[in-house]
Amino acid sequence: WSIIFWRGTLAAPAGIFYLMVIGKLGGEWCRLQRNARFSLLVITLQACATAAFIASFKLTSVANVALIWGASPVIAAVIGWLLLRERVTKSFLVAVCLVVGGNAAIVFGSASGQSGSQLAGDALALLMTVLLVSQIIIYRHCPDMPTTLPIVAAKLVLMLTAAALS
């Protein structure tokens with residue numbers, strides 16, 4: 001929880017400072033309020049994804065987390081196809097099979113490893129990937145959504161949670 005606390009402590013003020021410097025804090029605030037439901041969903045997804053991301057590194061290898069995150073374009077396309085009715089091609093279906101096969105190899109390698117916690121780390125990395133991809137899909141669905149303030153809010157939520165749990 002200390003990593004999450006310090007990440008929030010540094011990232012939240014930096015995000016607000018950045019918006020102030022470029023003169024877009026007020027505009028982001030208005031867009032956040034205008035898209036309140038989706039903004040709250042993005043904040044929740046970002047906070048949960050960050051927690052899963054940090055925890056995954058404690059349980060599995062950096063390589064596994066990176067390879068699982070590497071599946072994000074395909075996962076985004078699948079979610080976009082399911083929720084936004086985006087078109088799929090044959091090459092997309094081939095990519096899905098390859099990514100699923102590659103991630104299955106990672107998971108089976110972790111499952112046959114010496115530590116059950118490595119499989120939990122892989123699951124957290126997959127959860128993080130799905131949560132962040134879901135956030136991207138929301139931005140595709142609502143292009144007027146603010147980008148920086150929801151991240152700042154998620155970091156503040158995590159910082160307060162980490163402080164309470166430490």
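- Side-chain contact check for M145 versus L32: every heavy-atom pair is 4.5 Å or farther apart.
- Taken to the nearest 0.5 Å, the OG1 atom of T9 stands 9.0 Å off from the CG atom of L156.
- V94 shares a hydrophobic cluster with L98; the chain of contacts runs through ILVMFWY side chains whose heavy atoms sit under 4.5 Å apart.
- Note on residues 61-99: no pairs pass ring pair (Phe, Tyr, Trp, His ring centres under 6.0 Å), not counting sequence neighbours.
- The structure places CG of L67 at 9.5 Å from CG of D122, a figure rounded to the nearest 0.5 Å.
- Evaluation of the ring pair (Phe, Tyr, Trp, His ring centres under 6.0 Å) test over residues 129-166, restricted to residues two or more places apart or in two chains, returns F38-H141.
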* CA sep, side-chain torsions, deciding dist, call: V78, V96, side chain to side chain contact (heavy atoms under 4.5 Å, CB included) -> CA-CA 8 Å; V78 168; V96 168; 4.0 Å; yes
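- Here salt bridge (Lys or Arg N to Asp or Glu O under 4.0 Å) pairs that include residues 125-139, with residues two or more places apart or in two chains, number zero.
- Rounding to the nearest 0.5 Å gives a distance of 13.5 Å between SG of C30 and NZ of K24.
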Indicate every side-chain donor-acceptor pair of residues 48-56 with a distance under 3.5 Å to a residue at least two apart or in another chain.
from, atom 1, to, atom 2, distance (Å)
T50, OG1, Q46, O, 2.9
T50, OG1, Q46, NE2, 3.2
T50, OG1, K155, NZ, 3.1
S56, OG, A52, O, 3.4
S56, OG, F53, O, 2.7

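- Screening residues 124-145 for salt bridge (Lys or Arg N to Asp or Glu O under 4.0 Å), with sequence neighbours left out, gives R31-D144, R34-D144, E86-R140.
- Between G8 and P13, the shortest heavy-atom distance links the atoms O-CD, 3.8 Å.
- Contact of the L25 side chain with the W29 side chain is not registered, since no non-hydrogen atoms from C-beta on lie closer than 4.5 Å.
- For R7, the side-chain hydrogen bond (donor to acceptor under 3.5 Å, both in side chains) criterion is met by no residue, not counting sequence neighbours.
- Residues I151 and Q135 meet the side-chain proximity criterion, which asks for heavy atoms closer than 4.5 Å.
- Proximity of L41 to I138: side-chain heavy atoms (C-beta onward) are separated by under 4.5 Å at one or more points.
- With sequence neighbours left out, T148 forms a side-chain contact (heavy atoms from CB on, under 4.5 Å) with Y18, L19, E28, V152.
- Residues passing the side-chain hydrogen bond (donor to acceptor under 3.5 Å, both in side chains) test with S61 are N64, sequence neighbours excluded.
- Hydrophobic cluster membership of V21, counting Ile, Leu, Val, Met, Phe, Trp and Tyr whose side-chain heavy atoms lie under 4.5 Å apart directly or via other members: F17.
- In this structure the side chain of L126 reaches within 4.5 angstrom of the side chain of I75, judged on heavy atoms.
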